[in-house]
Amino acid sequence: MSNDKILGIVVIARHGDRQGFYQDPDSYTASATSITPLGEKQESQLGSLLRSLYLDASSPTYIQGISNSTSLFQQSQVAVRADAGGEGGVIFDSAVALLQGLWPPTPLSSTILANGNNITSPLNGYQFVPIESVEPNEDVSLEGFTSCNTLNDHIAAFYDSPAFLEKANQSASFLSQLHSYLDGRAVTLENMIYDYMNVQSIHDANFASRLPPTFLARARDLANFHEYGVFSDSQANGIGNIAARTMLPSILTAFQRIANASDPLRLHYSSISYKPFLSLFNMTGLVQSGEVEAGIVNYVAAVVFEVRQPASGDEPVLRFNFKNGSDDTSFHSHDLHFSGWNGDGDVPLATFINAFQPVAVNTTLDWCNVCGQTTDRGCAALLGASSFGSHHDRISPVGAGFLGAGLTAAVMLAALGVLLFLGFLTFGRGRRNAKDSHARVHSDAGSESNSIGKAA
């Protein structure tokens, strides 16, 4: 299939090295942290690799029609989204660093003024690539796993499962040896102590020298068991896969846009945490087939879906490539295994979409129902509106996030309408006397005010 054309790519990448942070083992609510210079360099190097693979016109994997590495970035061809949730600015900053490698400074980023002066962008021609900051309270797509009550139930059930209790019993002796290395942190299988140990082993020379050589790897094995148990499920539509299910609408839409010859999109990039990777690998059969480890991906791990046009002219296909962090020198292609596909080579685009569209969480209202959430993220207003039998069209994840505020206003207006109908409120100029208490509401145009008051 060397004569295939690459129509575009969908990139999903984990953030780079960061400082330590804490996340609640029951709800996965996380504390803020910050990226390190190492993490920035890792992301920039990943961006440079993607540039050499997909933007170099001489590369066999060059994306057809994209502005190549000798040209300026073209905004219409690129969409970038970054999770702005529990890990603070780490994920957004990782996206900035990756994009610096993907579209580095160039003297082409300049303009000649009327007076003849040639002005180059700051930092020797820095290319400013727009990034959509995805706020979890407004858009559930990149962090659908927080504030999700049914996922919390899933986590609790996992902690009570025979497999977890057996693993806790087996690891008790090892965990008891870690107290002196964890600065007072709770040492249990529920509390994922690996993250602290990993961060300290990278950034604290004293800690790294004191820690016995096998301890970090053993803690990583426990963390892999822990996190895959939380962010996976036996069914594709199971709540354990929620981290990937909320991402699916933007991924599937990107595939369709890239395959559409009239759409300019060529590269779609999502900067995320490690959780959606586990769910995605579970849903696509990569763990079950042994192609990918059941566990946490490394810093700067990346998946690239290539949307390819076969030389035969048949429908577009998908090729799945994975690179597990900076220690992995190149991307590796893997066969996917899921209902409707036997894992043999590239997947027809329609086959992939037909398999995963039904399990996608497409709107905030869907998320509210799936997660049993009735208050957060605008769910109170959304569920209230749906109880009136309103019709809900499929909308984009971003649009879904902003429905909360609008629907709150709609519910309030409906309530006012009921009060008006019952005679408790009147709108109009009305009579003004000492017994009336009126609030004056001015229109934007500054016209004569209306009055809202009690019925006479």
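All residue numbers in this chain count up from 1 along the given sequence.
- Using bins of under 30°, 30° to 60° and over 60° for the plane-to-plane angle, the ring pair Phe322/Phe277 lands in the tilted bin.
- One N or O on the side chain of Gln309 and one on the backbone of Asp314 form a donor-acceptor pair closer than 3.5 Å.
- Minimum heavy-atom separation, Ser69 to Asp56: OG-CA, 3.7 Å.
- Put simply, the side chain of Tyr181 reaches to within 4.5 Å of the side chain of Arg210, judged on heavy atoms.
- A side-chain donor-acceptor contact under 3.5 Å links Gln373 to the backbone of Asp376.
- With hydrogens and angles left out, the side-chain atoms of Arg377 and Thr146 include a donor and acceptor closer than 3.5 Å.
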**Q.** Residue pair Ile66, Tyr54: steps toward the side-chain contact (heavy atoms from CB on, under 4.5 Å) verdict
**A.** CA-CA 9 Å; Ile66 199 167; Tyr54 297 108; over 6 Å; no
(Q) Test side-chain contact (heavy atoms from CB on, under 4.5 Å) on Val303 and Val11; report intermediate values, then the result. (A) CA-CA 6 Å; Val303 163; Val11 180; over 6 Å; no
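- Judged by distance alone, the side chains of His203 and Asp17 do bring a donor and an acceptor atom under 3.5 Å apart.
- Remark: the Gln19 side chain and the Thr33 side chain contain no N/O donor-acceptor pair separated by less than 3.5 Å.
- The heavy-atom pair separating Asp335 from Gly345 by the smallest distance is OD1-N, 3.3 Å.
- Contact check for Asp195 versus Tyr22: no side-chain heavy atoms found under the 4.5 Å cut-off.
- Arg245 places a side-chain N or O within donor-acceptor distance of the main-chain N or O of Asn237, the cut-off being under 3.5 Å.
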Q: Show the numbers, then the answer: is there a ring-ring contact (aromatic ring centres under 6.0 Å, His included) between Tyr274 and Tyr299?
A: CA-CA 8 Å; Tyr274 66 86; Tyr299 291 143; 9.6 Å; no
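- A donor-acceptor distance shorter than 3.5 angstrom exists from the side chain of Asn354 to the backbone of Ala350, with no hydrogens or angles considered.
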Q) Could you walk me through whether Thr374 and Asn149 pass the side-chain contact (heavy atoms from CB on, under 4.5 Å) check? A) CA-CA 10 Å; Thr374 59; Asn149 294 327; 5.9 Å; no
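- Put simply, the side chain of Thr284 never gets that close to the backbone of Leu336: no donor and acceptor are under 3.5 Å apart.
- Here the CZ atom belonging to Phe281 is positioned 11.0 Å from the OG atom belonging to Ser289, to the nearest 0.5 angstrom.
- To the nearest 0.5 angstrom, Leu151 atom CG is 11.0 Å from Lys275 atom NZ.
- A donor and an acceptor atom, one from each side chain of Asn321 and Ser333, are located under 3.5 Å apart.
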Q. Please walk me through it: do His268 and Arg81 pass side-chain contact (heavy atoms from CB on, under 4.5 Å)?
A. CA-CA 8 Å; His268 186 281; Arg81 314 180 76 226; 3.9 Å; yes
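- Taking the charged nitrogens against the carboxylate oxygens, Lys323 and Asp328 have no contact shorter than 4.0 Å, which rules out a salt bridge.
- Between Pro358 and Ile353, the shortest heavy-atom contact is CD-O, 4.2 Å.
- Using cut-offs of 30° and 60° on the angle between ring planes, the pair Tyr126 and Phe128 is perpendicular.
- Residues Leu382 and Thr363 are not in side-chain contact: their nearest non-hydrogen atoms beyond the backbone lie 4.5 Å or more apart.
- A distance of 9.5 Å separates CD of Glu43 from OG of Ser326, quoted to the nearest 0.5 Å.
- A distance of 12.5 Å separates CG of Leu318 from CD1 of Ile9, quoted to the nearest 0.5 Å.
- Other residues, nucleotides and ligands place no more than 12 heavy atoms under 6.0 Å from the CD atom of Gln75.
- Listed for the Gln127 side chain is a donor-acceptor partner under 3.5 Å among the backbone atoms of Pro104.
- Between Leu142 and Asp83, the shortest heavy-atom distance links the atoms CD1-N, 3.5 Å.
- Nearest heavy-atom pair, Ile193 versus Ala219, reported as atom, atom and distance to 0.1 Å: CD1-CB, 4.1 Å.
- Between Asn282 and Tyr228, the side chains place a donor N or O and an acceptor N or O closer than 3.5 Å (distance only, hydrogens not considered).
- Side-chain contact between Ile202 and Phe207: absent, with no pair of heavy atoms (C-beta onward) separated by less than 4.5 Å.
- If you check the side chains of Arg18 and Ser94, you find no donor sitting under 3.5 Å from an acceptor.
- Using modelled atom types and a 3.5 Å distance limit, the side chains of His226 and Tyr159 yield a donor-acceptor pair.
- By the 6.0 Å and 45° rule, Arg185 stacks over the aromatic ring of Tyr196.
- Contact check for Phe145 versus Asn152: no side-chain heavy atoms found under the 4.5 Å cut-off.
- Residues Gln42 and Ser44 bring no donor and acceptor atom of their side chains to less than 3.5 Å of each other.
- Judged by distance alone, with hydrogens and angles left aside, the side-chain atoms of Asn224 form no donor-acceptor pair with the main-chain N or O of Ala294 at under 3.5 Å.
- Counting heavy atoms from C-beta outward, Arg218 and Leu216 have side chains that stay 4.5 Å or more apart.
- Residues Leu99 and Val78 fail the side-chain proximity criterion, which asks for heavy atoms closer than 4.5 Å.
- Of the N and O atoms on the side chains of Glu227 and Tyr194, not one donor lies less than 3.5 Å from an acceptor on the other residue.
- By the 4.5 Å heavy-atom criterion applied to side chains, Phe231 and Asn241 are not counted as neighbours.
- One finds the CG atom of Asp233 at 8.5 Å from the OG atom of Ser279 (value rounded to the nearest 0.5 Å).
- For Ser271 (side chain) and Ala82 (main-chain N/O), no donor-acceptor pair under 3.5 Å exists by modelled atom type.
- When atom types are taken as modelled, the side chain of Asn324 and the backbone of Asn298 share a donor-acceptor pair closer than 3.5 angstrom.
- The six-membered or imidazole ring of Phe305 lies near that of Phe255, with a centre-to-centre distance under 6.0 Å.
- For His337 and Gln288, the side-chain atoms include no donor-acceptor pair closer than 3.5 Å.
- Summarising the geometry of Gly240 relative to His154, their closest heavy-atom pair is CA-NE2, 3.8 Å, with the distance given to 0.1 Å.
- In this structure, the separation between SG on Cys371 and CD1 on Ile239 is 4.5 Å, given to the nearest 0.5 Å.
- A donor-acceptor pair under 3.5 Å is absent between the side-chain atoms of Thr29 and the main chain of Asp24, judged by distance alone.
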